Amino acid sequence: MYNHEKIEAKWQKRWEEEKVFEASNDSDKEKFYYLVEFPYPSGAGLHVGHVRSYTALDAMARKKRMQGYNVLYPMGWDAFGLPAEQYAIKNHIHPSKAVEENIKTFKSQIKSLGISFDWSREIATTDPEYYKWTQWQFLKFYENDMAYKAKKEINWCPNCKIGLSNEESEGNVCERCGGPVEKREKEQWMLKMSKYADRLLEGLDKTEFLEKIKVAQVNWIGKSEGAEVDFKIKGVDDILKVFTTRCDTLYGVTFMVISPEHKFISKYENLITNIDEIKKYQREAAKKTEIERTDMTKEKTGVKIEGMMAINPVNGKEIEIWVSDYVLTNYGTGAIMAVPAHDERDYAFAKKFGIDIIPVIEGGDISKEAYTGDGKMINSGVLNGCTNKKESISKMLDYLEENKIGKRKVNYRLQDWVFSRQRFWGEPIPMIYCDKCGWNPVPYEDLPVTLPEVASYEPTDDGESPLANITNWVNTTCPKCKGIAKRETDTMPNWAGSSWYYLRYMDPHNDKEFVSKKALNYWNMVDYYNGGMEHATRHLLYARFWHNFLYDQGLIPYSEPFNKRVAHGMILGPNGEKMSKSKGNVINPDDMVKEYGADALRCYELFIGDYSMDAAWSENGLKGCKKFLDRIYRLKDKLNGSNEYTKSLEILINQTIKKVTDDLENMKYNTAVSSLMILLNELDKLEEITNKDYRTLLHLLNPISPHITEELNEMCNLGEELCKSSWPIYDENKLISETFTMVVQVNGKVRGKIEVSTDTTEEEMKKLSKEIDNVKNYIEGKEIVKEVVVPKKLVSIVVK
RNA sequence: GCCUCAGUGGCGGAAUUGGUAGACGCACAGGACUUAAAAUCCUGCGUGAGUUAAAUCACGUGCCGGUUCAAGUCCGGCCUGAGGCACCA
């Protein structure tokens, strides 16, 4: 129909040459900041899913610019990561080379789509000019006592000799070689993220994230309020601390459980008479994987500790202590008080091992199951007389604190952030270890600590980073005593560079600061941040934590990074399954651009369905959109040169302007496209159309399919380039047509419709409704009980 | 198990938030143009009854009940699917 390849290349070139989409940091205009998650430039190239979200925000960004805003819509590369490292190991080339290639491919693919990114602000997390500031920010964490080293278990593949993330070792199988994964203890750098748990919860109120994203974050943080209670150990001057949310059930405690890793076991080895049995249980627990241990369907296991008893602080009763892996080491105190009458897990354990079950709340039938409901307290000393949970808990909390046997306590599921990776291709952690002075930060003026240029990246046998093998990089001088010292060879996780990239976009070439105050003050929060649901918790929480911390240091003037967070649905294969190479259902956007053009692809991906929902790919759907653009193209032959709207379509055109404007703002792209199709259908029915009709249609379509609309606008001499002219505005007075279809219902069923004037009064509507033949059939000879009139809509008659 | 969302023709999906269910597109069928095909254009298209054709009628938004003149939309109880959390005390 028309040569889309030529037209698209022409306009892309012009936009680039004229720097049309570059945002200014020095503008009187109101700002708007759109952000899409920057991609990992994988060897597989761009996915049609990328096209969906980039185009979606592009359409908003283009519209917003035409509405007079200074829009920032940047793009960059999250380019550290394991695939590049593995590729480098295999081919003995530096990962930066592979990354460079992939970025080139991605970039040209994205450019062929005509996305209005401001490429002058392009960044890559792997660029030393960028990661210099990532390291700089790490030093800020360290300086402020927010970074520390601790022994942590990691997933270790003995075959690949590498530490794995949880994702890479799912099912306890190495994702790379398929072999079994072990646990290993290693010293790791940690960031004190748990300190920010409450802030991360409260901060959500300052955002407009989708509800499901907020919920996911709240779950992840997992705040629970309760009490820490001290149980004395019989005959020893020590206490066993437990965390409980149900201190109201303290009188129902019949045993205690500690986790297999609890320090009491080694501490009281001499006291415990069955220590061999306990140690055996410990060893078995250590062998189990995380999944095995947390499998709720499995039977409870455990061993009773002989020779050691705890004392219930509220009634002085002696209580046995057990070891079981259903108690987690890393939550609460690693020990619990068990109340089998009112807790399902404790109940299952007590039943299995024949431990007493004492009810303290009325209700349920404890011969069958634990009663977790509310009720009146019984057998409960000071709580007797309390009639509900809330009252009992509050009374017990006071009692515990008054008698100094416990205190109010809040616990979180959220843990500190393990910030080390034993990898080559990451930001080196800028720390130096000296035998005399211990850990010291690399001085700011020595940043960045860059990755060495070597040809081998094999991991070491002992699980250290490949960097540990590169001795002339590792050996350095101590910044404090100037003696011999070694660099930290761990690198940062992938999540580091992506925790602040949106800030760098504001001021990407600044070599004095990670971002200037001026740029921060101008651009402020990201207005719209789009990304997948897979990043709703981790990435988003890391970035928020990072940002909150920088805010606390006075480095950023506002505490939350993102205002709106939106999520796109996936584009599935034509068979409705997730696209994957192995299933052979991958659609390559390049092929589609080549055959149908970027404009058609963009239009289709926006038209495909609700933006937040998954949608299956359909090439016929894409063809339909191409056909739509072809019809738009052909419509030019009907131009009559007039600069007014065609009178008969004035209302529809104004309605369409409103519809498209609102829909693009609310990410309802599919209905925006459909309303343009409706307008086209109406215009196409006419013998001739005016230039103004046509220009408005092209203008409204421009954010969706920018190339062909600009081309037609120029070809037909309709005026200034669309992307440089103001967005169409509608006339409020021309949104309502002069007539409407009045619907008449009798006893709730539609019995007639007539076209009447919009200014028909309610009385007239009633009268007219009764004149319709079919309506008469239903009301004649009957008594009218009720009449409801909805102005400009319908009349509803009830007869008896 | 808990939390969040969703369920509408053959398909993707609309429906101004209680007011004509099925917009728009795809697929399909029939027709026009053509030697023919493609492209394009026109017509039809929820199911059933009805009619030469209409008109018209009944049913219909996962299932069962409720509120209302009026329910895809609100309420109660289920079923199914997707996602998040999960032995978190």
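Small disclaimer: the values here were computed from a predicted structure and weren't measured.
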Practice item. Just label B:rG10 as syn or anti from its O4'-C1'-N9-C4 or O4'-C1'-N1-C2 angle, using within 90° of 0 for syn. Key: anti
Exercise for review: With C1' as the reference atom in both, quote the distance from B:rC69 to B:rU20 in angstrom, rounded to an integer.
Suggested key: 16 Å
**Study point:** Residue A:Met613, side-chain atoms from C-beta onward, closest of B:rC87, B:rC41, B:rA6
**Key:** B:rA6
**Study point:** B:rU17: syn or anti, per glycosidic angle within 90° of 0
**Key:** syn
**Study point:** NZ/NE/NH1/NH2 to OD/OE distance under 4.0 Å, A:Glu320 and A:Lys304
**Key:** yes
Exercise for review: Taking atom P in both B:rU16 and B:rG22, compute the distance separating them and give it to the nearest angstrom.
Suggested key: 13 Å
Review point. Would A:Ser224 and A:Asn411 count as having a side-chain donor-acceptor pair, cut-off 3.5 Å?
Key: no
Check your understanding: Is any side-chain N or O of A:Arg751 closer than 4.0 Å to OP1 or OP2 of B:rC57?
Key -> yes
Point to revise | Residue closer to the 5' end of RNA chain B, A:Asn620 versus A:Asp343 (nearest nucleotide) | key: A:Asn620
Review point. Checking all strands, does A:Lys668 fall into the base, sugar-phosphate, or nothing category for heavy-atom contacts under 4.0 angstrom?
Key: sugar-phosphate
Practice item. I would like to know whether A:Tyr604 and A:Trp617 meet ring-ring contact (aromatic ring centres under 6.0 Å, His included); could you show each step before the answer? Key: CA-CA 10 Å; A:Tyr604 170 60; A:Trp617 179 266; 5.2 Å; yes
**Study point:** Pairwise C1' distance for B:rU40 and B:rC33, with rounding to whole Å
**Key:** 9 Å
Exercise for review: Measure centre to centre between the rings of A:Phe545 and A:Trp495, then say whether the value is under 6.0 Å.
Suggested key: no
Practice item. Output yes when at least one side-chain N/O atom of A:Lys241 is less than 4.0 Å from OP1 or OP2 of B:rA89, else no. Key: no
Practice item. Establish, with yes or no, whether the OP1 or OP2 oxygen of B:rA38 is under 4.0 angstrom from a side-chain nitrogen or oxygen of A:Lys623. Key: no
Exercise for review: Using a 4.0 Å heavy-atom cut-off across all strands, classify A:Asp630 as base, sugar-phosphate, or nothing.
Suggested key: nothing
**Study point:** P gap between B:rC26 and B:rG19, integer Å
**Key:** 29 Å
Exercise for review: State whether A:Arg631 places a side-chain N or O below 4.0 Å from either non-bridging phosphate oxygen (OP1 or OP2) of B:rC41.
Suggested key: yes
Point to revise | A:Thr741 vs A:Ala335, nearer the 5' end of RNA chain B by closest nucleotide | key: A:Thr741
Practice item. Choose from B:rC85, B:rA89, B:rG19 the nucleotide whose nearest atom is closest to any side-chain atom of A:Trp220. Key: B:rC85
Review point. On a whole-Å scale, what distance lies between the C1' atoms belonging to B:rA53 and B:rU43?
Key: 15 Å
**Study point:** Main-chain N/O of A:Phe243 paired with A:Lys409 side-chain donor or acceptor, under 3.5 Å
**Key:** no
Review point. Quick one: is B:rU16 close enough that its OP1 or OP2 comes under 4.0 Å of any side-chain N or O from A:Lys793?
Key: no
Exercise for review: Determine the interatomic distance between C1' on B:rC78 and the same-named atom on B:rG84; round to the nearest Å.
Suggested key: 23 Å
Practice item. Using only side-chain N and O atoms of A:Asn670, determine if any of them is under 4.0 Å from OP1 or OP2 of B:rA23. Key: no
Practice item. Please determine, for the side chain of A:Asn774, which listed nucleotide (B:rA89, B:rU56, B:rC87) has the closest atom? Key: B:rU56
Review point. Do the numbers put A:Lys636 on top of the ring of A:Tyr633, so that NZ or CZ is under 6.0 Å from the six-membered ring centre and no more than 45° off the axis?
Key: yes
Check your understanding: Under 6.0 Å from the six-membered ring centre of A:Phe740 and within 45° of its axis: does the NZ or CZ of A:Lys792 meet both?
Key -> no
Point to revise | Presence of A:Asn777 side-chain N/O under 4.0 Å of B:rC57 phosphate oxygens OP1/OP2 | key: no
Point to revise | Candidates B:rA21, B:rG12, B:rA89 - which lies nearest the side chain of A:Leu328 | key: B:rA89
Point to revise | Cation-pi, A:Tyr778 ring and A:Arg751 (6.0 angstrom, 45 degrees) | key: yes
Study note, to complete from the structure: Closest of B:rA58, B:rC24, B:rC87 to the A:Lys749 side chain is B:rA58
**Study point:** Under-3.5 Å donor-acceptor pair between A:Lys300 side chain and B:rC87 base
**Key:** yes
Practice item. Answer with base, sugar-phosphate or nothing: what part of the nucleic acid does A:Lys753 contact at a heavy-atom distance below 4.0 Å? Key: base
Review point. A:Tyr778 side chain: which of B:rU56, B:rC24, B:rA89 is closest?
Key: B:rU56
Check your understanding: According to a strict under-4.0 Å criterion, is A:Ser224 in side-chain N/O contact with OP1 or OP2 of B:rA89?
Key -> yes
Exercise for review: Could you work out the separation of B:rU68 and B:rG18 based on their C1' atoms and round it to a whole Å?
Suggested key: 9 Å
Check your understanding: With rounding to whole Å, what would you report as the distance between B:rU8 and B:rA15 at their C1' atoms?
Key -> 10 Å
Atom pairs, protein N/O to nucleotides 66-71 of chain B N/O, distance under 3.5 Å:
from   : atom 1 : to       : atom 2 : distance (Å)
B:rC69 : OP1    : A:Lys786 : NZ     : 2.8
B:rC69 : O2     : A:Ser796 : OG     : 2.6

Review point. Contact class for A:Gly332 (heavy atom, under 4.0 Å): base, sugar-phosphate, or nothing?
Key: nothing
**Study point:** Proximal nucleotide (of B:rC24, B:rA14, B:rA89) relative to the A:Tyr331 side chain
**Key:** B:rA89
Review point. Which dot-bracket string describes RNA chain B (Watson-Crick N1-N3 plus N6-O4 or O6-N4, or G-U N1-O2 and O6-N3, all under 3.5 Å; [ ] crossing; | other strand)?
Key: (((((((..(((......[....))).(((((.......))))).((((......))))..(((((..]....))))))))))))....
